[in-house]
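Working notes, beginning with the structure itself.
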Amino acid sequence: MTDISEKPESQLWGREGFREDPYITVETLEEAGDAPAVILPLAVWLGLDEGVRNATNRRIGVSIAPGESIDPLLPLLGSIPVIALQFPAFNDGRSYSKAEVLKDRHQFQGELRAVGDVLIDQVAYMLRTGFDTLKVTHAVTLTRLADHNLHDTPVYYQPGRGSHTKAGTYSWRRVPDTQ
Amino acid sequence: MYRYDEFDHAFVSARVEQFKDQVERRLAGELTEDQFRPLRLMNGVYLQLHAYMLRVAIPYGTLSARQMRKLAHIARTYDRGYGHFTTRQNLQYNWPALKDMPKVLDELAEVEMHALQTSGNCIRNVTADHFAGAAADEVADPRPYAEILRQWSSMHPEFSYLPRKFKIAVTGAERDRAAIQVHDIGLHLKRNEAGEIGFAVYVGGGQGRTPMVAKKIRDFLPVEDLLTYTTAIMRVYNLNGRRDNKYKARIKILVHETGTEELTRQVETEWLALKNSDLKLPQTDVDAIDSYFRPPHLPLRPEGWSALAGARKADHAFAAWVDQNVTPHKNPDYGVVTISLKPIGGIPGDATDAQMDLVADIAEQFSQDEIRVSHEQNLILPHVAIADLRIVYDLLLTDGLATANAGLITDIIACPGLDYCALATARSIPVAQRISERFADPARQADIGELKLKISGCINACGHHHVGHIGILGVEKKGEELYQISLGGSGDEVCTIGDITGRGFSSEEIVDAIETIVDRYLEVRTDKEETFLAAYRRLGAAPFKDALYSEAANAA
């Protein structure tokens with residue numbers, strides 16, 4: 001078993017594997033200095049000047065807590081490079097529904113990211129509800145992801161991202177695109 | 001009956017393999033109990049007072065003889081020779097060893113069964129009328145829709161981490177035998193004026209510490225919208241249900257705090273966006289699932305009626321059993337048989353391996369290979385020819401399965417209580433046993449008539465005491481077990497939550513108290529036609545309270 005007493009550095013993971021994270025997460029823009037890519041809390045992001053939000057020399061994303069509504073973002077989705085939905089605890093499932101609404105209904109084109117208590121058992125669900133990337137700290141999860149062991153099922157009973165319909169079976173069923 | 005296809009097999013065996021790996025890691029000490037907990041719960045494995053408990057899903061309570069034999073085999077091989085049928089149409093094994101769990105799941109998978117989603121904050125096993133497909137009063141069979149919901153809700157990526165557990169029940173008759181109004185979602189299958197099939201949709205019912213009757217949020221939902229509309233409800237709940245307090249996290253609290261009108265508006269708004277999504281059901285899929293539940297071919301057996309008349313005359317006990325435990329079938333030559341798992345003084349819902357095997361044999365020979373589990377913790381043989389009732393009765397009699405008490409006072413629902421359950425605050429089973437013994441006399445039971453008595457060993461209300469005509473709730477007070485009585489509850493189509501009578505009774509007093517209530521009912525009813533519930537609704541609590549507390553005062 002991986003020793004979890006030493007907390008590993010969090011890493012960014014997507015379907016293609018681990019990747020560099022260009023973003024830093026800060027409470028205010030001032031705190032970010034001249035960092036080229038930052039993620040701000042929702043309230044701070046909403047308070048920004050439109051000019052600052054859309055500035056071409058830096059990317060500014062937004063982080064959303066489970067209790068916060070995504071509604072104020074909906075008219076502005078085109079200008080957001082990344083939305084980080086928080087999972088303060090693995091069993092708080094609100095962000096799954098927000099992911100569905102953002103990606104499926106509003107066709108959010110930017111990066112949708114899961115941050116917080118991201119565990120291996122949730123990874124497949126996160127990908128299927130529309131998350132592009134996961135910010136992972138949990139040691140066992142990091143090991144499993146490195147081994148490409150996603151703890152997934154070979155078939156799904158619902159539509160979702162990364163899957164397709166299969167001829168000859170019921171309309172709600174899907175198989176993963178990897179098959 | 002629904003049969004697994006390749007898709008279902010691939011899904012279930014993948015889940016069993018994953019769980020095997022997790023159990024091995026737990027046994028090797030690589031996972032702590034804390035880390036293992038959420039994983040085992042996904043597979044229906046609880047840690048109870050004395051041992052691990054495995055809860056096996058029986059979708060909408062329907063079983064074949066082969067599946068029942070497997071349940072018997074597992075009870076014999078991995079447990080102590082019995083299993084416990086629950087109020088959610090499931091089966092619980094109380095004593096399996098953790099090391100055997102993967103083998104048990106393998107064995108279940110062989111007969112197309114599993115223990116998925118029998119725990120955790122997800123959509124649980126979908127329940128249905130236990131007389132589905134057989135009852136004379138049915139509009140349509142609810143099981144195809146329960147099966148569609150079962151599939152769609154299996155490992156749902158968006159709805160596996162809900163604020164709290166979520167229970168859906170479906171019924172297909174005006175007479176509600178599935179208690180849909182005390183479920184998170186209740187679906188009542190009906191026909192509209194144009195003769196089309198659809199659902200009345202109820203939301204926010206439940207028992208537990210805050211019992212509530214569900215609110216109807218839609219009078220008629222077309223079948224094609226079943227999954228889109230359910231998704232809309234689930235999404236509104238997942239986003240807005242309370243997560244700050246476990247006891248306020250069920251959808252009933254959200255409905256209550258939001259208001260039915262506003263909640264309905266939110267659901268309808270969400271639904272408008274989902275209505276034409278991929279989840280809109282094509283009629284071809286509904287038909288394909290429906291074809292698994294086609295009524296069996298039942299040969300004409302008109303000779304049964306004269307044989308029955310003769311057999312009844314010859315044997316009073318048999319006649320009583322037919323009167324009490326056989327319900328009209330769609331086909332007049334047939335009946336629906338309730339096998340009581342409530343022998344006098346027995347443990348409600350328990351069946352031994354030999355009893356399960358016997359029921360399987362009878363079902364195979366005399367009931368089109370079908371068995372049902374009722375939420376009242378009995379077993380049902382849905383398609384028995386009137387001509388075969390005598391032989392079925394004689395066979396049931398050989399192993400204590402012919403108790404003629406369906407719907408009577410000794411047909412008690414009871415949760416496992418403090419004898420097994422880690423949450424319980426008082427014992428339920430011994431109270432059920434003593435009440436059953438007190439009212440053992442068949443003539444007395446028949447005179448009392450329909451009376452649903454339900455016992456829970458804690459506030460979580462697994463024994464459905466809130467909807468018992470007489471409900472008993474066991475609590476712990478100053479180290480003693482104390483039993484509160486509620487009266488006038490009902491889980492059927494006229495759903496009501498029972499009223500608490502007043503101060504509770506000790507374990508020694510409780511059986512006398514129940515008898516006092518029953519005796520008062522016998523005094524005040526207009527005639528034998530007026531059931532306990534009808535008398536209570538007419539008279540209110542006063543005469544019963546009076547009997548309970550003034551007599552107690554006199555005695556003291």
Side-chain angles (χ1 to χ4, degrees), chain A residues 1-2 4 66-71 87-101 104-106 117 119-131 138 140 144 149-163 165-166 168-175 179, chain B residues 5-15 17-18 21-22 25 28-32 35 38-39 42 120-122 148-163 227 231 234-241 243-244 270 273-274 277-282 284-286 288-289:
Chain A
M1 195 184 173
T2 317
I4 52 167
E68 293 176 324
S69 169
I70 54 172
D71 290 351
F87 288 84
F90 79 91
N91 58 1
D92 189 330
R94 287 176 279 189
S95 292
Y96 294 105
S97 285
K98 289 179 186 169
E100 276 285 346
V101 171
D104 198 58
R105 183 168 316 154
H106 296 284
D117 197 13
L119 303 181
I120 191 67
D121 305 282
Q122 281 93 54
V123 170
Y125 291 165
M126 287 173 173
L127 294 176
R128 290 171 61 204
T129 48
F131 287 96
H138 186 247
V140 175
R144 293 251 168 161
N149 182 353
L150 296 198
H151 211 107
D152 204 359
T153 48
V155 293
Y156 307 135
Y157 285 102
Q158 313 81 14
R161 297 248 147 187
S163 64
T165 53
K166 195 179 164 192
T169 188
Y170 307 114
S171 55
W172 54 87
R173 291 178 170 186
R174 296 292 183 274
V175 290
Q179 286 182 26
Chain B
D5 55 20
E6 269 177 56
F7 190 100
D8 299 301
H9 279 295
F11 178 82
V12 171
S13 42
R15 295 297 306 184
E17 287 310 310
Q18 284 171 1
D21 171 57
Q22 291 157 354
R25 281 154 62 206
E30 290 176 19
L31 289 174
T32 64
Q35 290 167 322
L39 306 175
M42 298 246 186
N121 293 339
C122 55
I148 290 170
L149 286 165
R150 181 194 74 81
Q151 294 195 17
W152 162 81
S153 63
S154 292
M155 300 288 144
H156 197 294
E158 186 181 343
F159 305 132
S160 288
Y161 295 95
L162 297 167
L227 295 183
T231 301
M234 299 308 303
R235 188 170 290 164
V236 167
Y237 170 56
N238 190 39
L239 283 170
N240 304 317
R243 291 175 188 262
D244 59 323
E270 187 60 39
L274 287 164
S277 69
D278 284 356
L279 283 174
K280 186 167 179 168
L281 285 176
T284 47
D285 281 359
V286 177
I289 296 287

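Proteins get letters first, then strands, A, B, ... in listed order; numbering begins at 1 in each. What you see below is based on every heavy atom in this structure, not just the backbone, and it leaves out hydrogens, waters and symmetry mates.
Side-chain atoms of B/Arg243 and A/Arg94, non-hydrogen and from C-beta on, do get closer than 4.5 Å to each other. Counting heavy atoms from C-beta outward, B/Tyr161 and A/Phe87 have side chains that stay 4.5 Å or more apart. Within the 4.5 Å cutoff, side-chain heavy atoms of B/Gln22 are placed close to those of A/Asp121. In this structure the side chain of B/Phe159 never reaches within 4.5 angstrom of the side chain of A/Tyr96, judged on heavy atoms.
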TODO: Show your working on salt bridge (charged side-chain N to carboxylate O under 4.0 Å, His left out) between A/Arg144 and B/Asp21 and close with a plain yes or no.
DONE: CA-CA 13 Å; A/Arg144 293 251 168 161; B/Asp21 171 57; 3.5 Å; yes
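In this structure, A/Arg173 CZ and B/Asp5 CG are separated by 4.0 Å, a value rounded to the nearest 0.5 Å. From A/Thr169, atom OG1 reaches atom CD of B/Glu6 across 10.0 Å, with rounding to the nearest 0.5 Å.
For chain A, the option among B/Asp8, B/Leu162, B/Asp278 with the highest count of heavy-atom pairs below 4.5 Å is B/Asp8. Between chain A and the options B/Ala288, B/Pro163, B/Ser154, the largest number of non-hydrogen pairs under 4.5 Å is found for B/Ser154. Options B/Ser160, B/Ser13, B/Ser153, B/Ala14 differ in how many heavy-atom pairs under 4.5 Å they form with chain A, and the most are formed by B/Ser160. Chain A forms the most heavy-atom pairs under 4.5 Å with one residue out of B/Glu17, B/His156, B/Met234, B/Arg25, and that residue is B/His156.
Using a 4.5 Å cut-off between heavy atoms, A/Asp92 contacts chain B through both its backbone and its side chain.
Qualifying side-chain hydrogen bond (donor to acceptor under 3.5 Å, both in side chains) partners for A/Tyr170, counting only residues two or more places apart in sequence or in other chains: none.
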